[in-house]
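Have a look at the structure below, then the notes.
Every chain is numbered from 1 and lettered A, B, ... according to where its sequence line falls, protein lines coming before strand lines. Bear in mind that the values here come from a model prediction, so they are computed numbers and not experimental data.
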Amino acid sequence: TFSMNCALNLLVRSGMYDAAVQLFREEGALIPNEFTYGSLIHGLCKAGRLDRARELLEEMKGRGILPGVAVHNGVIKGLCKAGKFGDALEYFKTVAGTRCMPDIITFNILVDALVKSGRVEEAVAIFESMHTSNQWLPNVVTYTTVINGLCKDGKLDRAIELLDLMAGTGCCPNVITYSVLVEGLCKAGRTDKGFSLLREMTKRGFQPDVIMYNTLLNGLCKGRRSDEALELVELMIQSGCHPTVVTYNSLMELFCRSKQVDMAVKLVQVMSERGCPPDVVNYNTVIAGLCRDARLDDARKLLKQMIAARCVPD
RNA sequence: UCAUCAGCUUC
């Protein structure tokens, strides 16, 4: 059963949800447990197959396996992702009525769902009410989620305040917290303030990761600050972070927008040579750049190249 | 020892 669960997790993690369910169905000899169903329900929810997830939920109950809070959280997350926040709340209430108590993750999922649907003040309200409870004190994920919401809502100063407030709660910001805030600053055109946050973070002993670098790089690229952008890429490589498709895409966007589309075209080749094959977004960026410059033949050429490289256009 | 929560790029 343990091995089957591991296999199912692998399939689910690589997006092969149908294969996971199939493997489960064909395996009659092993007794599924709560983890087995948990993985499958999680996978189905991620794939948007909520109906099938509900069926499995009933099936596990029918076999006498009680779904724990992790399984319920998976369902709630799935409902939220499908935009059915009302259903998620209702489900949440029915769960709360049983012996199975919601946990901090349940609340984090709901707060994030509110943020993602633009209902930031409601998210903040839940977040504040969590402070007055003893069992669901906000953790670093909660703080990061709310900071993200405030940034997306254009309330940067409140976001920064919240970061400062964390220090006093014994709940330390991590690299994700910082990069959320750095992204907010960059998007608001305050990339330099983003860099000072990076320094603050480094001082506190955290190493920036690829996403942090990509976030700052994108800020520089959007501001057409080519020299600093290229310097930053140097720095990230020196500190052991390998550029990703996202890194290259920010650079491509920069080149496309600063009359150097040929450089962007060249990057398609460069990145492959460096062991990072371009994805559909990279091709889209450069094709769009060529089209903007009315170089339709080159765009067509690149599209062909993309298909030859087995990258599916969207 | 296995399942559930937050961050980056084009449109």
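Rounded to whole angstrom, the span from the CG atom of A:Leu56 across to the C1' atom of B:rA3 amounts to 13 Å. One interatomic measurement links the two molecules: CE of A:Met4 to P of B:rA3, which rounds to 15 Å at whole-angstrom precision. The interatomic distance linking A:Leu8 (CG) with B:rU4 (P) rounds to 13 Å, in whole Å. B:rA3 atom P lies 12 Å from atom CD of A:Glu34, rounded to whole Å. Atom pair A:Asn9:CG and B:rU1:C1' shows a separation of 12 Å (rounding to whole Å applied).
For the residue pair A:Asn174/A:Thr177, the side-chain donor-acceptor check at 3.5 Å is satisfied. Side chains of A:Tyr37 and A:Arg63: a donor-acceptor N/O pair is present below 3.5 angstrom, by distance only. Judged by distance alone, the side chains of A:Asp112 and A:Thr145 never bring a donor and an acceptor atom under 3.5 Å apart.
The closest side-chain heavy-atom distance from A:Met130 to A:Asn108 is below 4.5 Å. Contact check for A:Leu163 versus A:Tyr143: no side-chain heavy atoms found under the 4.5 Å cut-off.
Every side chain to side chain donor-acceptor pair (under 3.5 Å) that A:Asn5 has, sequence neighbours left out, goes to A:Asn33, A:Thr36.
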Fill in the blank from the handout: Counting primed atoms, P, OP1 and OP2 as sugar-phosphate and everything else as base, the B/S/- map of nucleotides 5-11 of chain B against protein heavy atoms under 4.0 Å is BBBBBBS

